[in-house]
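Before any comments, here is the structure.
Quick caveat: nothing in here was measured; it's all calculated off a predicted structure.
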Amino acid sequence: MKKVLKGIGIFLALIIIVGAIFYISKNENLPTGIKGEKAEALATKMAKALNYNAYKNAEVLEWSFRNQHFYKWHKSENKVEVSWDKNKVILNTKNLKKSEVFVADKKTENKDLIQTATDYFNNDSFWLVAPFKVFDAGVERSIVKHNDKDALLITYTSGGSTPGDSYLWVLDENGFPTSYKMWTSIIPIGGIEASWSDWKKTEAGFQLPTKHKMNLFGMELDMGKVSASNPKADALANTILKAINHEAYKKTRFIEWSFGGNRHFKWDKLKHIVDVSWDTVRVNLYPNNLDKSTVFFNKKQQEKSDSKLVKRAWDIFNNDSFWLVAPHKLFDGGTIRNIEKINGKDALRVTYTYGGTTPGDSYVWILDDNFVPKSYLMYLKGRIDRGNTKGLPATWDEWFTTKSGTLLPKNHTFSGGRKLSMGDVKAYN
């Protein structure tokens, strides 16, 4: 018996020694950061890299945590469905008393499960959206040098289930997070690192992580089938397209118009070839293959097409066609749709993340009672960069039904009263 006890004692001592060595080798003291403008600028850079505005306006997020806890977060409604085992809690994040509890699909008054769901959600959502929370209330931001580069130290002084935790975000050259180091109450070893590298682009226009790898025993956290979407905004966009008969637009072969009486267009939508003319120049433009474009100067074709004139025609077409058919482009590639309230009514913000000549621009569509766009507010990236953050208003006037059956506008009016005519608009097959 004494030998057995001695053996157990030796084994426990070895475990303690190994644990102590592991702790000493892995544990890091919480670094001291420097608060101020540089920290705020770095946090802002990270938020921009993450497309924080798209996250802020997202309606629904879905994921799971280690295939044990499952979530559908109606973020715009402050509600989240939390499911595990046979339990489901409809958690009201603004007022926990309004939460509902179900066990085996039967409603119950088990309040303990509300607290369990809250703790699960606080922990598991953090592993999904932590980098988007750097400007939450009760958050302190500071700069720390990590491997000779600036890193962002975040300390949560309040909120969540474990206030007081700190995270050091390691960023790439664009400010996008690649990993963080943790100093938390639930992990006794400080400075444990977790990757933030397995990102997925969501329908809502921003990225979310699908898993994390930790340098603690090779642990991996699987976030399941991650998604983010804006179903209400998409429904409103589809209502707009129905109002302007977008189905007929898709089948339209030819569209003709002018821009302010100065530039003239005939667009073969089927072949995607555009006749663009201004002054004494006419370009037979192939937008998808500019090298095939031909240039006519004073009605005479150039032997070698002037690339500058081709590029000019391409820029003109992108700009001037937008003023004619923008409401038909709500679901173009690279677009993000969100609902905004304008004078108490739903309006649709559409942000173009790529394509055209000015990616990054966004437009808030204001609708009449029939869901036909009557105006929009333009948030142009160049003007925002220059400090002009107010949307520039423009009306969409004189919608009419074309021969092809789709609706197109004839005129626009700007805030100063300036008019923009689209000329003799035609659409036909």
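The side-chain heavy atoms of Leu171 and Trp169, taken from C-beta on, include a pair separated by under 4.5 Å. Glu256 is not listed as a side-chain neighbour of Asp424, based on a closest heavy-atom distance of 4.5 Å or more. Residues Pro327 and Trp396 have side chains in contact (heavy-atom distance under 4.5 Å, counting atoms from C-beta outward). Between Leu290 and Trp314 there is a side-chain heavy-atom pair separated by less than 4.5 Å.
Between Lys38 and Glu40 there is no salt bridge, since no side-chain nitrogen of the basic residue lies less than 4.0 Å from a carboxylate oxygen of the acidic one. Ion pairing between Lys225 and Glu62 fails under the 4.0 Å rule for side-chain N and carboxylate O. Using a cutoff of 4.0 Å between basic side-chain nitrogens and carboxylate oxygens, Glu59 and Lys75 are not scored as salt-bridged. Note on Lys329 versus Asp332: salt bridge recorded, some NZ/NE/NH1/NH2 to OD/OE distance being below 4.0 Å. At a threshold of 4.0 Å, the pair Lys374-Asp368 does not count as salt-bridged, since none of the basic side-chain nitrogens sits closer than that to a carboxylate oxygen.
A cation-pi contact links Lys88 to Phe102, judged by a cut-off of 6.0 Å to the six-membered ring centre and 45° from its axis. Cation-pi geometry between Lys271 and Tyr286 is not satisfied (NZ or CZ under 6.0 Å from the ring centre, within 45° of the ring normal). Under a cutoff of 6.0 Å and an axis angle of 45°, Lys426 and Phe254 do not form a cation-pi pair. Cation-pi geometry between Arg282 and Phe297 is not met: the NZ or CZ atom fails to fall both under 6.0 Å from the ring centre and inside 45° of the normal.
When atom types are taken as modelled, the side chain of His412 and the backbone of Trp323 share a donor-acceptor pair closer than 3.5 angstrom. A side-chain donor-acceptor contact under 3.5 Å links Lys269 to the backbone of Tyr249. Between the side chain of Gln115 and the backbone N or O of Asp119, no donor-acceptor pair lies under 3.5 Å.
For the residue pair Thr406/Ser404, the side-chain donor-acceptor check at 3.5 Å is not satisfied. With hydrogens and angles left out, the side-chain atoms of Thr413 and Asp397 include a donor and acceptor closer than 3.5 Å. In this model, a donor atom of one side chain and an acceptor atom of the other lie less than 3.5 Å apart for His272 and Trp267.
Atom CG of Asp369 has 12 or fewer neighbouring heavy atoms from other residues, nucleotides or ligands inside a 6.0 Å radius. For Glu203, the CD atom counts as loosely surrounded, since its 6.0 Å shell holds 12 or fewer non-hydrogen atoms of other residues, nucleotides or ligands. Applying the 6.0 Å contact sphere to CG of Asn95 captures more than 12 heavy atoms from other residues, nucleotides or ligands. Enclosure of atom CG in Leu96 by more than 12 non-hydrogen atoms of other residues, nucleotides or ligands within 6.0 angstrom is indicated.
For the ring-ring contact (aromatic ring centres under 6.0 Å, His included) test with Phe322, the passing option among Tyr363, Phe265, Phe317, Phe259 is Tyr363; the others fail. Among Arg337, Lys341, Lys232, the single residue meeting the salt bridge (Lys or Arg N to Asp or Glu O under 4.0 Å) criterion with Asp346 is Lys341.
Distance CE/Met182 to CD1/Ile154: 15.0 Å, rounded to 0.5 Å. The structure places CG of Leu221 at 13.0 Å from CG of Asn67, a figure rounded to the nearest 0.5 Å. Atom CE of residue Met422 and atom CD of residue Glu398 lie 12.0 Å apart, to the nearest 0.5 angstrom. Going from atom CG of Asp198 over to atom CG of Asp222 covers 9.5 Å, rounded to the nearest 0.5 Å.
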_Steps toward ring pair (Phe, Tyr, Trp, His ring centres under 6.0 Å) verdict (Trp278, His264)_ = CA-CA 7 Å; Trp278 71 95; His264 304 270; over 10 Å; no
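Using cut-offs of 30° and 60° on the angle between ring planes, the pair Trp63 and Phe121 is tilted.
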